[in-house]
Number of protein chains: 2
Amino acid sequence: MLSSTVENYLKELFLLDQYGNKEIATGEIAKSLDVTPGSATSMIKTLAQAGLVEHRPHYGVKLTKQGRTLAVHVVRRHRIVELFLVKVLGMDWSKVHEEAEQLEHVVSDEIISRMDDLLGHPSHDPHGDPIPTTDGTLPERPLQLLSFCDRGDSVSIARIGNQNANFLQFAQDNGLLLGARIEVTNRNDIADSMTIHAKGKDVVLGLAAAGRIEVEYA
Amino acid sequence: MLSSTVENYLKELFLLDQYGNKEIATGEIAKSLDVTPGSATSMIKTLAQAGLVEHRPHYGVKLTKQGRTLAVHVVRRHRIVELFLVKVLGMDWSKVHEEAEQLEHVVSDEIISRMDDLLGHPSHDPHGDPIPTTDGTLPERPLQLLSFCDRGDSVSIARIGNQNANFLQFAQDNGLLLGARIEVTNRNDIADSMTIHAKGKDVVLGLAAAGRIEVEYA
DNA sequence: ATTAAACTTTTGACTAATCAAAAAGAATCT
DNA sequence: AGATTCTTTTTGATTAGTCAAAAGTTTAAT
Ligand SMILES: [Mn+2]
Ligand SMILES: [Mn+2]
Ligand SMILES: [Mn+2]
Ligand SMILES: [Mn+2]
């Protein structure tokens, strides 16, 4: 059995690079998990010892196949729990990430399986993130960053890549929900901002914020 | 924030004496939590330091008002989660105790409140144990131990005071479910056993086992 | 080729929780 | 009262995870 701490490290390594291509720097994961670099180094050594990561000292760390499998399962639990909290318990999408952060470590396979059944084997979580299947595969969608859209583009929101509660609350308050049809009414690269028309309202977004929203033209 | 370990100690102290009358022996809680007596002593000192228990060395330990309040909330979370798992996710009553043992430490007040709403503010958990309200009160029922019933008594099952999965599975297989109407068809104090007629079947129980089942005549 | 900057690793210390075994206390029996 | 038994507490050690600060590497800049 893995500790919550180990699961968090594995999950974070996965999220920092779903494809397992690049090596993750010690400092990067330390920052993500809000621990000191020394703590991260120490845990990375533990994980390497257990065969869950490969560590090239001073260069970076990468999940092994075994580590990735475990990480994907944590992600699956996290996202199914999130969707369950929204759909069955009616919780706000801006709050479920925090809750799932804890629950992902204690919900059993049977609970997850039953939630999955009840939800009808969903493919995406409340933020548009793909839910891995039991065998570890992730559905792929061709998405585009909203920050890359041009004036006049009409698109629909497919994913919010920022789990921060305040950001999600803001998005919700301005009609930027999953599936919402929006139009880019203005874009100013000098001012680093764009204007979106959603639900009859105009919303101004900095390009950095727009970069955390993904859309599809479909 | 309390650690899971502290919550487990507090909850166990509460369960060993809901009324807060008697002092609990160090060895008793050590046995319940499956730790060594030394570990229990050490944790008791920590809890006393924090004002959650009163400790009379060599005699025993008792929850303070503050400790009891916290313990009751853990119990509330545990029992609501159990019922939710049975009613909403359709899990077997023999398995939910183990699950709740973990979940009780991570489900937020909001989750519990929403589960409670969805369940219609239930008064008892799947094993017939009372669910404390938010203000810490517990519904009382006048129950009788099945082991005290006489031949010919016709009663209904109101509580199973043994969370062991095998015991619950056995009870279920023999129609000894909550609310089940049963009759005592025989009783032999010498042989330390009694026979129960339930759902068309005869079940023989040792008096010790019968002592973990509570009934009402109503 | 040095030096500086940025990052990573190591070291030493700390906390929470645990155990095994020794020591101490309380209760019981003779 | 004295000895025996049972229980509790203390002691010393261990493990997981963390931090602050020192030391070491890598890379980039001069
Ligand atoms: Mn987590
Ligand atoms: Mn999510
Ligand atoms: Mn527990
Ligand atoms: Mn129960």
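A note on names: the letters A, B, ... follow the listed sequences, proteins ahead of strands, and every chain is numbered from 1.
Between the CD1 atom of B/Ile44 and the P atom of D/dT8 there is a distance of 9 Å, rounded to whole Å. Here D/dG17 presents its C1' atom at 15 Å from CD of A/Glu7, a figure rounded to the nearest Å. One interatomic measurement links the two molecules: NE2 of A/His105 to P of D/dG17, which rounds to 12 Å at whole-angstrom precision. Atom CG in B/Leu47 sits roughly 11 Å away from atom P in C/dT18 (whole-Å rounding). To the nearest angstrom, P of D/dA16 lies 13 Å from CG of A/Leu2. The separation between A/Lys31 atom NZ and C/dA6 atom P is 13 Å, rounded to whole Å. Whole-Å rounding puts the A/Glu12 CD to D/dG17 P distance at 16 Å.
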Derivation and outcome, side chain to side chain donor-acceptor pair (under 3.5 Å), residues A/Gln169 and A/Asp173: CA-CA 6 Å; A/Gln169 190 64 57; A/Asp173 293 346; 3.3 Å; yes
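In summary, the side chains of B/Gln163 and B/Asp129 do present a donor paired with an acceptor at a separation below 3.5 Å, with no hydrogens or angles considered.
Here the side chain of A/Ala25 is nearest to one of C/dT8, C/dT18, D/dG17, namely C/dT8. Checking D/dT18, D/dG17, C/dA20 against every side-chain atom of A/Tyr9, the shortest atom distance belongs to D/dT18. The listed nucleotides are D/dT9, C/dT18, D/dC19; the one nearest the side chain of A/Ser39 is D/dC19. With D/dT18, C/dT8, C/dA17 as the candidates, the nucleotide lying closest to the side chain of B/Met43 is C/dA17. When each of D/dG17, C/dT10, D/dT18 is scored by its nearest atom to the side-chain atoms of A/Thr41, the top-ranked nucleotide is C/dT10. When distances are taken from the side chain of A/Lys45 to each of C/dA17, C/dT9, C/dT10, the shortest belongs to C/dT10.
Looking at A/Arg151, its side chain never comes within 3.5 Å of a backbone N or O of A/Asn186 through a donor-acceptor pair. The main-chain N or O of B/Arg159 is never found under 3.5 Å from a side-chain atom of B/His127 such that the two would form a donor-acceptor pair.
The phosphate of C/dT9 (OP1 or OP2) has a side-chain N or O of A/Thr26 nearer than 4.0 angstrom. At C/dA17, one or more side-chain N or O atoms of B/Ser3 fall inside 4.0 Å of OP1 or OP2 (strictly under the cut-off).
In the helix from C/dA1-D/dT30 to C/dT30-D/dA1, the terminal helix axes, each the rotation mapping four pairs' C1' atoms onto the next four within five end pairs, subtend 20°, rounded to 10°.
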Please list every donor-acceptor pair under 3.5 Å in which a side-chain atom of residues 19-28 of chain B meets a protein atom from a residue at least two apart or in another chain.
{"unit_1": "B/Glu23", "atom_1": "OE1", "unit_2": "B/Arg56", "atom_2": "NH2", "d": "3.1"}
{"unit_1": "B/Glu23", "atom_1": "OE2", "unit_2": "B/Arg56", "atom_2": "NE", "d": "3.1"}

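Taking the side chain as every heavy atom from C-beta outward, A/Lys87 and A/Leu118 never approach each other to under 4.5 Å. Residues A/Ile160 and A/Phe167 have side chains in contact (heavy-atom distance under 4.5 Å, counting atoms from C-beta outward).
Where B/Gly38 and B/Thr46 each meet DNA chain C at their nearest nucleotide, the meeting point lying more 5' is that of B/Thr46.
A heavy atom closer than 4.0 Å to some atom of DNA chain C occurs in B/His58, B/Tyr59, these being the qualifying members of residues 50-62 of chain B.
Taking NE2 from B/His78 and CD from B/Glu82, the interatomic distance works out to 3.5 Å, rounded to the nearest 0.5 Å. Taken to the nearest 0.5 Å, the CG atom of B/Leu52 stands 8.5 Å off from the CG atom of B/Leu63.
Within 6.0 Å of the CG atom in A/Asp135, the count of heavy atoms belonging to other residues, nucleotides or ligands exceeds 12.
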